[in-house]
Structure formats: C-alpha cells, structure tokens
K.L.:
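Provided herewith is a single structure, encoded as structure tokens, for subsequent inquiry.
For the single chain, residues carry numbers from 1 onward in sequence order.
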Amino acid sequence: MRISPENIQKVLLELFVKYKFSLEKAQLLANVFTESTIDGVSSHGINRVPLFIEYVKKGVIKIDAEAEKVATFGNIERWDGNLGPGIVNATKCTKRAIELAKQHGMGMVALRNTNHWMRGGTYGKQAANANCISILFTNTKPNMPPWGGKDSRIGNNPFVVSIPRKKGHIVLDMAISQFAFGKINDYKLKGQKLPYHGGWDDNNELSNDPDKILLKERGLPIGYWKGSALSIILDMLATILSAGNSTCKISSKEIETAISQVYICIYPEVFNDKGLQQKLIEEIIDFTHDVEPIIPGDSIYYPGERSSQTRAKNLKEGVLVNENIWGKIMAL
C-alpha cells in the first residue's frame, strides 16, 4: 500500500509520544524512520518500528537515557550511550564529531553501550549536510560465520562513508554481509528470493532463500574471506576505541544491545580548495558513468544516487509500505 510521507511521520510521532518519549525525541525518531523509508530503505525504516517498540517494552531501550562523554583526548572522545535509543545517541555523537572536525580538522567519537542506529546512512547524510566527510561503523551481534566456520561468530558490522557534494551527496552505507539482515527480511515480507546467494542453509549450502538464511542467521560475508577479515577488524576497532562490548560479548545477551560504534568526521574545507575538491569528485563520477553497461539500457550509479531517485519518486507518489507492517504499527 502507498502512504504519504506526511501520514507516516504523523502516525510515528503519535506512536513514540504514546510510548513516553519526550516530544523532541519522538520527533527525531519519527523523522529518521520516515526519511529512511522515503529513501527506499524500509528494511531499516518503517519495517523496524514494531521491533523497536518491542525492545522499548522490554526495557532494552531506555527511553530517557542519553549518550554522555566519559573521556576526552583533544579531538578524540569516548562516550557512553547508557542503552538509550540508538537513533538519538547516533545523532548526538555525529553532531559532536562534526563539531570536533570543524575545530581540529578531524574529530572522532567512540560510543559504547548503545542500541541499533537503524540506517547508518542517516548519519552519513547528517555529516555531509554539515560539509563534513564521515567514516562511521558499528559492531553487531554475531550473524555471519568467519570464513570456513559453521557457526556465526562475527557481525555484519555496517560501514558508512559520506562525502559532501553540491549536486547530491555521496553516501556509501553497506553491511559487511552480502545483504543486510533487514534487507533479507524485506525480501521475506515480499515473498521473494534474494537475487544472489545471501547466506547458508541448514545443510551448509549457500542459499538465496530468506527463510532458510534467517533460521540461524548465517549470512554470507562480502568478498567471502575478505569480508570475514574486514568484519573482524571493524569489531576490533569499535571495541578498543570505545572500550565497549565486542561481538563476542554481545553474543552473550538474549537481545542485541550495548553495542559499540565509531564516528569519524573530517572537515575538508581546511584545505581551502573546495572548488578543486568538487571538480575532482565530478571527474570520478563522470568517468564511472561513462561506461557501456553489460545489459543495454542499464545505468551505472555512484553510492547514494539510486536512493536519491527513489526518494524523488516516493515524495511524488507516496511510499510503498508493507500492509502487514503498517497494520502492526496501527495496532500499537
């Protein structure tokens, strides 16, 4: 069913206020969930709302808690999320990394004891809107086997890089699994198979069946052994920089919580060659676009380009929302 962005935002705002979030936090949550959905990332937008409320009910997400600074080392800081809402904590820590970058040229905030930030690209866009480059990542519960292993021991640890651009920001937002688990669930809700293998089934065979992959959450790392290694490294960095929980420690919890994240921002305007930077970005994009597609009529995209097109379509036509998900939200 198609629903207007205004209606989605209105319903979500009422929902979060009902569950005792302050008006300011409720507005931020409603805005982030709605914006992700408009951009075509329902898997980390509207589809996550029922689970988010379930975690609020269980006390996993502390609605009144906020991230606070616990240590500072010049342009590097450690923060504790106190198990507050991941979106609120991530927005606050990105804002602080931006402030440090504009003061020092580069800033980093390492955050521990937080909850799922939903769509990581949200904070990449936040940094780019402030004219900052960002490098952001998080660890997760174990949902991929290390290469050659049977059981999940590593996380799909989403990784974000954003670059400000006049004609539309570049935003890379990717899980270290071939498909984010929210995206796998998206295919499940639609009754569709994945276009490529996304994980292992019970027979230790690679599969594109969402139900078989979600049964034990054994995702396929991007680049096979290379993605496995990258996942381990990102977990190590997030853990040691924040002095927080590793994927190993998160695995001991019944629900994914108290995760560790890193927010790095760079202020490129310190070089005083903004015109040159934009020219170089356009050069790379033009060179990438100017290639003959394997399938005639196909287009080649830079990171973030397709979501911009999806956004324009959804703002015009309304957002396509899963009827079952919307029913659950209205019931809540």
Side-chain angles (χ1 to χ4, degrees), residues 36 39-45 47-48 51 116-121 124 135-161 171-239 245-253 255-256 259-262 294-295 298 300-304 306-307 322:
S36 297
D39 285 351
V41 193
S42 297
S43 59
H44 291 70
N47 292 2
R48 290 264 182 171
L51 185 62
H116 198 307
W117 62 9
M118 301 303 152
R119 181 193 180 199
I135 302 170
L136 321 167
F137 51 94
T138 177
N139 63 8
T140 70
K141 66 180 180 180
N143 50 26
M144 298 193 301
W147 190 251
K150 279 190 176 183
D151 297 321
S152 291
R153 291 289 186 273
I154 61 177
N156 63 347
N157 303 346
F159 180 72
V160 177
V161 178
V171 182
L172 171 70
D173 179 4
M174 54 178 267
I176 305 305
S177 55
Q178 184 64 45
F179 295 92
F181 277 86
K183 182 60 71 174
I184 294 174
N185 191 57
D186 215 12
Y187 278 97
K188 178 182 177 179
L189 289 170
K190 294 175 183 175
Q192 297 175 353
K193 295 286 195 290
L194 304 176
Y196 306 98
H197 287 147
W200 282 270
D201 61 20
D202 267 0
N203 297 318
N204 300 316
E205 298 286 341
L206 282 173
S207 174
N208 68 342
D209 187 321
D211 288 300
K212 291 180 179 178
I213 297 167
L214 290 171
L215 194 62
K216 287 190 176 179
E217 288 202 341
R218 295 195 297 162
L220 174 66
I222 59 169
Y224 304 113
W225 49 89
K226 295 179 182 180
S228 176
L230 180 56
S231 167
I232 295 167
I233 288 294
L234 291 176
D235 182 32
M236 288 177 175
L237 288 173
T239 302
N245 289 320
S246 65
T247 291
C248 169
K249 288 286 179 65
I250 297 164
S251 72
S252 66
K253 303 176 188 301
I255 291 174
E256 181 186 77
I259 60 179
S260 305
Q261 299 174 339
V262 173
I294 291 175
I295 300 174
D298 273 5
I300 311 301
Y301 300 97
Y302 64 80
R306 279 193 292 184
S307 64
N322 180 275

K.L.:
Would you call the rings of Y187 and F179 parallel, tilted or perpendicular if under 30° counts as parallel and over 60° as perpendicular?
P.N.:
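Judged by the thresholds at 30° and 60°, the geometry between Y187 and F179 is perpendicular.
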
K.L.:
Check this for me, if you would: do D151 and R218 make a salt bridge, where the nitrogen-to-carboxylate-oxygen distance has to be below 4.0 angstrom?
P.N.:
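No, this pair does not count.
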
K.L.:
Drop me the distance from K216's NZ to S152's OG, to the nearest 0.5 angstrom.
P.N.:
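Output value for this atom pair is 10.0 Å.
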
K.L.:
Given 3.5 Å as the limit, does a donor-acceptor pair link the side chain of S228 with the main chain of W147, or not?
P.N.:
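Checked: pair present.
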
K.L.:
Less than 4.5 Å apart, side chain to side chain, heavy atoms only: is that true for F137 and V160?
P.N.:
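Side chain of F137 against side chain of V160, heavy atoms only: no contact under 4.5 Å found.
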
K.L.:
Quick one: pull up NZ in K193 and NZ in K188 and give me the separation to the nearest 0.5 Å.
P.N.:
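Going from the NZ atom of K193 to the NZ atom of K188 covers 12.0 Å.
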
K.L.:
Please report the interatomic distance CG(L220) to OG(S177), rounded to the nearest 0.5 Å.
P.N.:
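Interatomic distance, L220 CG to S177 OG, rounded to 0.5 Å: 8.5 Å.
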
K.L.:
Pick out which of N143, L189, L194, N208 makes a side chain to side chain contact (heavy atoms under 4.5 Å, CB included) with I184.
P.N.:
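The side chain to side chain contact (heavy atoms under 4.5 Å, CB included) with I184 is passed solely by L194 among N143, L189, L194, N208.
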
K.L.:
L214 versus N185: any side-chain heavy-atom pair under 4.5 Å?
P.N.:
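Yes; the side chains approach each other to less than 4.5 Å.
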
K.L.:
Distance-only, no hydrogens or angles: does the N203 side chain make a donor-acceptor pair with backbone N or O of E205 under 3.5 Å?
P.N.:
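Not a single qualifying donor-acceptor pair exists.
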
K.L.:
Report yes if the side chains of R119 and S307 come closer than 4.5 Å at any heavy-atom pair, otherwise no.
P.N.:
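A side-chain contact under 4.5 Å exists here.
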
K.L.:
For the atom pair CD1 (I233) and CZ (F159), what is the distance rounded to the nearest 0.5 Å?
P.N.:
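I233 CD1 to F159 CZ: 12.5 Å, rounded to 0.5 Å.
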
K.L.:
So how far is it from D201 CG to S207 OG, rounded to the nearest 0.5 Å?
P.N.:
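With rounding to 0.5 Å, CG (D201) is 5.5 Å from OG (S207).
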
K.L.:
Hey, are D202 and K212 close enough for a salt bridge, meaning a charged N less than 4.0 Å from a carboxylate O?
P.N.:
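No, no charged N to carboxylate O under 4.0 Å.
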
K.L.:
Should M144 and P221 count as side-chain neighbours, where that means a heavy-atom distance under 4.5 Å?
P.N.:
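Side-chain contact under 4.5 Å: yes.
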
K.L.:
Donor-acceptor pair, distance only, cut-off 3.5 Å: does the side chain of T239 make one with the backbone of D235?
P.N.:
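Checked: pair present.
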
K.L.:
Does any part of the side chain of H116, heavy atoms only, come nearer than 4.5 Å to the side chain of R48, both counted from C-beta?
P.N.:
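Touching, per the 4.5 Å side-chain cut-off.
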
K.L.:
Assess the side chains of S260 and N245: does a donor N or O sit below 3.5 Å from an acceptor N or O?
P.N.:
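Checked: S260/N245 side chains show no N/O donor-acceptor pair below 3.5 Å.
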
K.L.:
For side chain to side chain contact (heavy atoms under 4.5 Å, CB included), just list the numbers for W200 and I213, CA-CA rounded to whole Å, side-chain angles, deciding distance to a tenth of an Å, and then say yes or no.
P.N.:
CA-CA 6 Å; W200 282 270; I213 297 167; over 6 Å; no

K.L.:
Can a side-chain donor-acceptor contact be found between N139 and N157 if the only test is distance below 3.5 angstrom?
P.N.:
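No pair is found: no donor N or O on one side chain lies under 3.5 Å from an acceptor on the other.
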
K.L.:
Any side-chain heavy atom of D211 sitting closer than 4.5 Å to one from L215?
P.N.:
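No, every pair of side-chain atoms sits at 4.5 Å or beyond.
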
K.L.:
Taking the side chain as C-beta and beyond, is there a heavy-atom pair between I154 and T247 under 4.5 Å?
P.N.:
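I154 vs T247: side chains apart.
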
K.L.:
What's the spacing between T138 OG1 and W117 CH2 if we round to 0.5 Å?
P.N.:
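Nearest 0.5 Å value for the OG1-CH2 distance: 5.5 Å.
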
K.L.:
Measure from the side-chain N and O atoms of S251 to the backbone N and O of P142, and report whether any donor-acceptor pair falls under 3.5 Å.
P.N.:
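Side chain of S251 to backbone of P142, a donor-acceptor pair under 3.5 Å: no, none is there.
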
K.L.:
Check P146 against R153 and note the closest heavy-atom contact, atom names and distance.
P.N.:
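P146 and R153 have their closest heavy atoms at CD-CB, 3.7 Å.
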
K.L.:
Does the side chain of H197 come within less than 4.5 Å of Q178's, by heavy atoms?
P.N.:
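Result no, sub-4.5 Å side-chain heavy-atom pair not found.
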
